[in-house]
Amino acid sequence: MAARRYDSRTTIFSPEGRLYQVEYAMEAISNAGAAIGIMAKDGVVLASEKKISSKLLDTTAVGVRREKMYRLDDHIACAVAGITADANIIINHCRVSAQRYLYTYQEPIPLEQLVRNICDTKQAYTQFGGQRPFGVSMLYAGWDENYGYQLYMSDPSGNYSGWKATAIGANHQGATNILKQDYKEDMTMKEAVALIMRVLSKSMDTSLAPEKVELCTLQRDEATGKITYKVFEEDELKPLLDEANQEKESSAD
């Protein structure tokens, strides 16, 4: 009950030095659909769980078909976990920031700079009165000339960090434990996709189905230098999901 005296504003510290509203925002993300990212030697793969709230929902409609995966620039993609409406604001901010940098410097924005820009905005929403933190965490996948393939995660507090593989959202701790055991430094894209499906199947309460999962990859063609962002369609997803479901059932037996 002591928290109630200090959680009415985002700008009030508790005697223990905690900002309860920021912690509550992180708790909201823990109840959202899971999102997982894995960095392979030849690309980055992102997968996320879509929670279908009603069987009457049109899963092919705009805003539902691509609810968790977004392209921010030609060389950057992201996956979100949390409040989708909040994510839309941040995604628009990222896209404008990336295009502003391209217009100014005539080159693509480095991934870490884009993440830092948006995290500065997120941090401001925890420091000034009359605002609440964004209730969304994001995984950013990208490639740039300085550091090659990269994977970053940001949370509502404005913190960000680089990862080889990580998970956010529901059951993220269990998913992270599996990644710790099975992730290898020199994984190929095919191995990373198989691992991410396995982790997602074990972190979700139900069996995997195309309407409940989004999967995307970001790869660079070494010959042409072109970066390809690919979202897996239902016919490409189904064999991967069936294989993961079979593996989950066999391990349960």
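Quick caveat: nothing in here was measured; it's all calculated off a predicted structure.
Residue Arg116 places its CZ atom among more than 12 non-hydrogen atoms of other residues, nucleotides or ligands, all under 6.0 Å distant. Shown here is Glu23, whose CD atom has more than 12 heavy atoms of other residues, nucleotides or ligands within 6.0 Å. Counting heavy-atom neighbours within 6.0 Å of Glu234 CD, excluding the residue itself, gives a total of 12 or less. The neighbour count for Glu16 CD, taken as heavy atoms of other residues, nucleotides or ligands under 6.0 Å away, is above 12.
Scored by the side chain to side chain donor-acceptor pair (under 3.5 Å) test, Asn31 finds no partners at all (sequence neighbours excluded).
Here the shortest heavy-atom pairing between Ala81 and Ala32 reads C-CB, 4.2 Å. Closest non-hydrogen pair, Gln150 versus Glu112, comes out as OE1-N, 4.3 Å. Closest approach of Cys119 and Tyr160 over heavy atoms only: SG-CB, 3.6 Å. The shortest heavy-atom contact between Ser203 and Asn171 is O-ND2, 2.5 Å. The shortest non-hydrogen separation linking Pro156 to Met26 is CD-CG, 4.0 Å. Listed here is the closest heavy atom pair of Glu211 and Lys50: O-CE, 3.3 Å.
For the atom pair Tyr20 OH and Glu27 CD, the distance stands at 13.5 Å (nearest 0.5 Å). Glu185 CD to Lys41 NZ: the interatomic distance, rounded to the nearest 0.5 Å, is 12.0 Å. Taken to the nearest 0.5 Å, the CD1 atom of Ile29 stands 11.0 Å off from the CE atom of Met138. Interatomic distance, Asp221 CG to Asp42 CG, rounded to the nearest 0.5 Å: 11.5 Å. To the nearest 0.5 Å, atom OH of residue Tyr70 and atom CD1 of residue Ile90 are 11.5 Å apart. Between the CD1 atom in Ile91 and the SG atom in Cys78 there is a gap of 4.5 Å [rounded to 0.5 Å].
Other members of the hydrophobic cluster containing Leu218, listed by chain and number, are Met39, Val44, Leu46, Met69, Leu139, Trp143, Tyr149, Leu151, Met153, Trp163, Ile168, Ile227, Tyr229, Val231; membership follows side-chain contacts under 4.5 Å among ILVMFWY residues, whether direct or relayed. Members clustered with Val45: Ile36, Ile38, Ile178, Leu179, Tyr183, Met187, Met189, Val193, Leu195, Ile196, Met197, Val199, Leu200, Met204, Leu208, Val213, Leu215, Phe232, Leu237, Leu240, Leu241, by chain and number, using a 4.5 Å side-chain heavy-atom cutoff among hydrophobic residues.
In this structure, the side chains of Glu236 and Lys230 come closer than 4.5 Å at one or more pairs of heavy atoms. A 4.5 Å side-chain heavy-atom check between Tyr101 and Asn117 finds every atom pair outside the cut-off. Annotation: side chain of Ile12 is not in contact with side chain of Gln21 (no heavy-atom distance under 4.5 Å).
Each of Ile83 and Ile89 belongs to its own hydrophobic cluster when Ile, Leu, Val, Met, Phe, Trp and Tyr are linked at side-chain heavy-atom distances under 4.5 angstrom. Under the 4.5 Å side-chain heavy-atom criterion for Ile, Leu, Val, Met, Phe, Trp and Tyr, Tyr105 and Leu72 are members of the same hydrophobic cluster.
Between Arg132 and Asp86 there is a salt bridge, since at least one side-chain N of the basic residue sits less than 4.0 Å from a carboxylate O of the acidic one. Here Glu191 does not pair with Lys184 in a salt bridge; the nearest charged N to carboxylate O distance is not below 4.0 Å.
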Exercise for review: Give the C-alpha distance, both sets of side-chain angles, the deciding distance and a yes or no for side-chain contact (heavy atoms from CB on, under 4.5 Å) between Lys122 and Thr126.
Suggested key: CA-CA 7 Å; Lys122 291 170 91 170; Thr126 71; over 6 Å; no
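Between the side chain of His172 and the backbone N or O of Thr166, no donor-acceptor pair lies under 3.5 Å. For the pair Arg220 (side chain) and Asp144 (backbone), a donor-acceptor distance under 3.5 Å is absent.
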